[in-house]
Amino acid sequence: MSQRTETRVRIRPDIAAMEAYSPTASLEVFAQRLGLAAETLVKLDANENPYGPSPRALEALAQLSTAHIYPDPEARHLREKLSAYLGVDAAHILVGAGADDLIMLLLQLFIAPDDVVVNCPPTFSMYAFDAPIAHGRAVNVPRRADFSLDVDGIERAVRAHNAKLLFLCSPNNPDGSLIPPETVERLLALPTVVVLDEAYQEFSEAPSWAARVPQAPNLVVLRTFSKFAGLAGLRVGYGVLPQEIIGHLWKIKQPYNLNVAADVAARASLDDLPRLQANVRRIIAERKRLAEALAAFPFLHPYPSRANFVLCRVEGRSARALHAALARRGVLVRYFDKPGLRDHIRISAGTPAQTEALLAALHEIAEEETP
Ligand SMILES: *Cc1c(COP(=O)(O)O)cnc(C)c1O
């Protein structure tokens with residue numbers, strides 16, 4: 001006797017009601033549509049590192065002989081190297097499959113059904129995306145027009161909702177602004193855990209907050225190898241956490257959340273820091289050149305950025321159409337169909353050749369297309 005499907009397959013109602021995820025086309029599919037080779041696309045839409053991984057990381061991957069063995073659940077070797085890199089005891093460090101893994105773990109650790117996390121959009125989308133999956137509720141305290149934080153609003157929201165977590169991103173994705181140190185200090189006085197996402201710290205030329213964690217019982221710092229070390233495809237990130245928090249995270253994390261390939265590549269990257277830091281300096285220089293070149297277009301208004309991307313307000317023409325016109329020319333930038341960002345595009349700092357291709361496409365669009 002067959003039961004009715006709905007009594008056997010009972011999807012969580014809130015997830016069943018969610019709209020289907022519409023993934024962006026893969027680079028290959030996209031290139032095929034345009035009739036271009038994937039290698040010729042100028043990919044400036046995801047803040048990836050145009051110089052790729054350290055050659056030492058690639059060598060370590062080529063030599064990998066332990067793919068048939070489960071990884072060390074404690075990732076001791078990598079955490080020791082991270083400890084030296086950050087100047088923080090390894091006991092404060094937890095690694096994972098990207099900073100994204102740590103975001104979800106923190107939500108799982110802190111959020112009971114209907115608990116609140118405070119989110120400050122426009123910002124990285126995963127905080128608000130993951131919160132309801134973890135049964136939490138994101139309360140938004142929007143940033144001001146210049147992307148600075150509404151600190152009074154955050155304080156009110158944290159207290160009013162008894163928020164368990166406050167997500168901050170510095171430099172902020174998508175505009176690249178740093179949160180002033182005195183603002184972080186002020187927010188650390190709140191009765192909540194402050195999760196400070198420093199995915200772009202290496203590009204910021206500002207000190208990390210990681211070293212403060214051992215003296216700040218409610219500060220969590222998130223970092224990643226995706227951007228500065230060019231390992232986005234391998235998924236390796238980490239959190240720097242107070243003792244009282246990390247002990248509980250160890251209990252709930254998947255034992256093998258960092259795979260052996262990501263582990264050896266991350267370690268080799270930390271053994272090759274001067275080279276990676278030279279690439280970071282090239283990207284910073286290119287970001288500055290990119291921002292200046294973009295400012296010369298009357299319809300683009302770049303924001304000052306301390307990361308590896310530049311956000312531009314688009315004036316007098318549609319940002320969405322500009323994004324599409326660039327894509328038709330094989331130049332991929334990021335358009336966000338979201339409040340506060342619909343008249344903006346975000347462009348990653350790439351190689352000088354990629355900047356030239358972008359600028360050539362922009363000149364063509366400026367000349368050929370009426371807004
Ligand atoms: C890219 C990005 C991440 C994701 O990092 P992964 O380590 O690749 O998961 C996290 N936070 C911000 C702000 C990012 O831009």
Side-chain angles (χ1 to χ4, degrees), residues 24 43-50 52-53 57 75 78 82 85-86 93-108 117 119-131 133 138 143 147 149 165-179 184 194-204 206 208-210 220-241 253-254 257-259 261-263 265-266 269-270 276 280 283 287 303 305-311 333-334 336 338 341 344 346-350:
T24 52
K43 191 174 185 321
L44 302 175
D45 61 344
N47 305 338
E48 290 140 338
N49 190 318
L78 176 56
L82 280 170
Y85 178 50
L86 302 169
I93 301 169
L94 190 82
V95 299
D100 286 352
D101 190 16
L102 276 297
I103 293 169
M104 191 47 123
L105 274 170
L106 287 164
L107 288 163
Q108 289 174 327
V117 310
N119 181 47
C120 305
T123 191
F124 188 53
S125 57
M126 293 311 288
Y127 320 134
F129 177 85
D130 283 346
I133 299 173
R143 287 171 173 253
F147 290 93
L149 291 173
L165 296 169
L166 163 61
F167 280 99
L168 300 176
C169 185
S170 181
N172 189 44
N173 182 359
D175 64 296
S177 63
L178 272 179
I179 302 175
V184 177
V194 175
V195 181
L196 185 61
D197 184 341
E198 290 190 334
Y200 299 98
Q201 191 276 334
E202 282 87 349
F203 302 99
S204 72
S208 169
W209 283 84
V220 172
V221 172
L222 301 183
R223 300 277 295 264
T224 179
F225 284 77
S226 293
K227 315 297 173 21
F228 98 98
L231 298 185
L234 284 174
R235 317 303 304 127
V236 44
Y238 54 98
V240 185
L241 304 115
K253 87 166 187 83
Q254 299 289 316
N257 60 338
L258 186 78
N259 73 71
D263 184 19
S269 299
L270 293 174
L276 291 175
V280 164
I283 293 167
R287 173 193 80 209
Y303 293 80
S305 167
R306 302 290 293 267
N308 64 341
F309 50 80
V310 176
L311 184 74
V333 302
R334 189 70 194 269
F336 304 90
K338 288 197 183 143
L341 290 175
H344 291 71
R346 190 196 66 196
I347 307 174
S348 307

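Keep in mind it's a predicted model, so treat the numbers as computed, not measured. Every heavy atom of this structure was used, including side-chain atoms; hydrogens, water molecules and symmetry mates were not. All ligand and atom numbering here is 1-based and tracks the order in the structure.
- Residues meeting the ring pair (Phe, Tyr, Trp, His ring centres under 6.0 Å) test with F167, sequence neighbours left out: Y127.
- Given atom 9 (O) of ligand 1, the protein heavy atom at minimum distance is R235 NH2, 2.7 Å.
- Aromatic rings from Y303 and F147 are positioned such that their centres are separated by under 6.0 Å.
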Next on the checklist: Show, in sequence, the C-alpha distance, side-chain angles and deciding distance for K43 and E48, and conclude whether the salt bridge (Lys or Arg N to Asp or Glu O under 4.0 Å) test is met.
Outcome noted: CA-CA 8 Å; K43 191 174 185 321; E48 290 140 338; 3.0 Å; yes

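- In this structure, C169 has a heavy atom closer than 4.0 Å to ligand 1.
- The protein heavy atom nearest to atom 4 (C) of ligand 1 is D100 OD1, 3.4 Å.
- Remark: ligand 1 and Y200 share an N or O pair separated by less than 3.5 Å (distance only, no angle test).
- Checked against ring pair (Phe, Tyr, Trp, His ring centres under 6.0 Å), F336 has no partners two or more places apart in sequence or in another chain.
- Checked for salt-bridge contact, R235 and D100 meet the test: a charged N lies under 4.0 Å from a carboxylate O.
- The closest protein non-hydrogen atom to atom 1 (C) of ligand 1 is K227 NZ, 1.4 Å.
- What sits closest to atom 7 (O) of ligand 1 on the protein, heavy atoms only, is T224 OG1, 2.5 Å.
- Listed by number with element, the atoms of ligand 1 under 4.0 Å from a non-hydrogen atom of S226 are 6 (P), 7 (O), 8 (O).
- Heavy atoms from both the backbone and the side chain of A99 come within less than 4.0 Å of ligand 1.
- Seen from the ring of F309, R346 counts as a face-on cation partner, given the 6.0 Å and 45° thresholds.
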Next on the checklist: As a quick check of understanding, evaluate side-chain hydrogen bond (donor to acceptor under 3.5 Å, both in side chains) for N172 and S177, giving each step before the final call.
Outcome noted: CA-CA 5 Å; N172 189 44; S177 63; 5.0 Å; no

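- For the pair G98 and ligand 1, the shortest N or O to N or O distance does not fall below 3.5 Å.
- Nearest non-hydrogen protein atom to atom 11 (N) of ligand 1 is D197 OD2, 2.6 Å.
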